[in-house]
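Count residues from 1 along the sequence. Keep in mind that the numbers below use all heavy atoms, side chains included, and drop hydrogens, waters and symmetry copies.
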Amino acid sequence: MPIPKTVPAIDRRLLRDDVYGRLRDAIVDGSLAPGEQLRDGELAAWLGVSRTPVREALLRLAEAGLVVARPGSSTTVSSLDLRDVRDARDVVAAMHEVAVRAAVPGLTSDDLDTMRAAEREFRDAIERGDVDAALRADDVLHGVPVTVAANRALSAVLGQYTPVLRRAERLRFASLGGRASFARHEELIRLCAAGDAEAAAAVAFDTWSTLPTDADQPADQPEQPTPEEHR
């Protein structure tokens, strides 16, 4: 039969992004564990897609530091590297600082209501010990200024490096350290509502820059300097 001319072609960009997002989330939540070998054929069968978007997604995941690709050999889920997490944390903190500073003058009452509702959901999730729900609510809260800022370059950087921090966020939200975020969120929203862009941006930076980067490092405690940092 002739191909109908009125049927639009499949949007490959959307398919590629969906595959990337599903693999990224599987790595972040531990479904694909550190050191696990990733075979594009098996992943394609699991996701119900061809190998091409899987290969493209694996390249993007390698750029983000979530997988290690060895040409001609294998691709594996990366281990949690302290240096990579620290680097990503510093970049993400700076991007949220920029986003909040740019967004505050344009925040509407609806935007602030969305942030407040997300904070309530975040609190409830932390109290229940539901880390996944806490992460989703946290994404919504911090996503409001990012959306309002409408900086595509900033969003691209966050999209690349935020997943690297997910294991660090899980560490905070699974511990008593997650409750320390309550006060930061409240202060962020208060300052945004007051129109104090500089102070709100500083709180946003602090919220992200204090994420723990090591399972042995208690949340919200200053990291001990390395021997090199003493010099």
Side-chain angles (χ1 to χ4, degrees), residues 9-96 131-132 135-136 138-139 142-143 146 152-175 208-217 219 223-229 231:
I10 295 174
D11 190 329
R12 287 184 53 79
R13 182 183 60 81
L14 294 178
L15 174 63
R16 182 172 66 242
D17 289 346
D18 182 57
V19 171
Y20 169 78
R22 292 173 68 181
L23 291 178
R24 176 201 62 204
D25 292 346
I27 292 171
V28 168
D29 69 19
S31 298
L32 297 174
E36 185 170 347
Q37 187 168 352
L38 303 176
R39 298 178 176 84
D40 53 15
E42 293 178 353
L43 294 173
W46 173 49
L47 297 173
V49 298
S50 69
R51 292 189 179 193
T52 299
V54 170
R55 289 169 178 165
E56 292 172 348
L58 291 176
L59 288 175
R60 290 175 64 186
L61 292 167
E63 291 174 355
L66 293 176
V67 305
V68 177
R70 299 178 179 85
S73 179
S74 63
T75 299
T76 58
V77 177
S78 65
S79 299
L80 185 60
D81 183 271
L82 182 59
R83 174 68 179 273
D84 288 345
V85 174
R86 284 176 172 170
D87 289 348
R89 179 189 63 184
D90 293 345
V91 170
V92 169
M95 292 298 97
H96 279 285
V131 176
D132 289 329
L135 285 169
R136 288 193 296 271
D138 195 65
D139 280 344
H142 292 289
V146 172
R152 287 185 294 180
L154 183 152
S155 296
V157 172
L158 287 176
Q160 179 172 354
Y161 290 105
T162 299
V164 181
L165 296 183
R166 284 306 189 213
R167 281 175 276 191
E169 287 186 278
R170 285 179 177 275
L171 171 62
R172 168 177 279 182
F173 295 164
S175 70
W208 291 92
S209 67
T210 56
L211 279 172
T213 57
D214 189 342
D216 297 324
Q217 179 69 44
E223 295 174 356
Q224 296 300 314
T226 63
E228 291 77 13
E229 290 171 334
R231 296 173 187 168

Using only atom types and a distance under 3.5 Å, with no angle test, would you say the side chain of T75 pairs donor to acceptor with the backbone of A69? no
Quick one: does T52's side chain get under 4.5 Å of R16's, heavy atoms only? no
Of all the heavy-atom pairs spanning V77 and A33, show the shortest one and how long it is. CB-O, 3.2 Å
Name all residues meeting the salt bridge (Lys or Arg N to Asp or Glu O under 4.0 Å) criterion together with D29; count only those two or more places apart in sequence or in a different chain, and write none if there are none. none
Side-chain touch R39/V54, heavy atoms, less than 4.5 angstrom: no
Search all heavy atoms of L58 against all heavy atoms of V67 and return the closest pair with its distance. O-CG2, 3.6 Å
So, for L154 and M95, which heavy atoms are closest and what is the spacing to 0.1 Å? CD1-O, 3.4 Å
To the nearest 0.5 Å, tell me how far L66 CG sits from L38 CG. 10.5 Å
Main-chain N/O of P163 paired to R24 side chain as donor or acceptor, under 3.5 Å: no
Euclidean distance, R51 CZ relative to E42 CD, rounded to 0.5 Å: 9.5 Å
The reported gap from CG in D139 to CZ in R166 (rounded to nearest 0.5 angstrom) is 4.0 Å
Tell me whether S209 contacts the main-chain N or O of A93 through its side chain, where contact means a donor paired with an acceptor under 3.5 Å. no
Just wondering, more than 12 heavy atoms not from Y161 lying within 6.0 Å of its OH? no
Quick one: closest heavy-atom pair of V85 and L165, and the distance? O-CD2, 3.5 Å
Step-by-step side chain to side chain contact (heavy atoms under 4.5 Å, CB included) determination, I27 to E36: CA-CA 10 Å; I27 292 171; E36 185 170 347; over 6 Å; no
Distance from L32 atom CG to S78 atom OG, nearest 0.5 Å? 11.5 Å
In terms of the angle between their ring planes, are H96 and H142 parallel, tilted or perpendicular, with boundaries placed at 30° and 60°? perpendicular
Give the minimum heavy-atom separation between P34 and S79, together with the two atoms involved. CB-CA, 4.0 Å
Is the shortest distance from a Lys or Arg side-chain nitrogen in R83 or D87 to a carboxylate oxygen in the other one below 4.0 Å? yes
Applying salt bridge (Lys or Arg N to Asp or Glu O under 4.0 Å), can you list everything that pairs with D25, at least two apart in sequence or on another chain? none
Check L23 against A57 and note the closest heavy-atom contact, atom names and distance. CD1-CB, 3.9 Å
Apply side chain to side chain contact (heavy atoms under 4.5 Å, CB included) to the pair V19 and R55, showing each step before the final yes or no. CA-CA 10 Å; V19 171; R55 289 169 178 165; over 6 Å; no
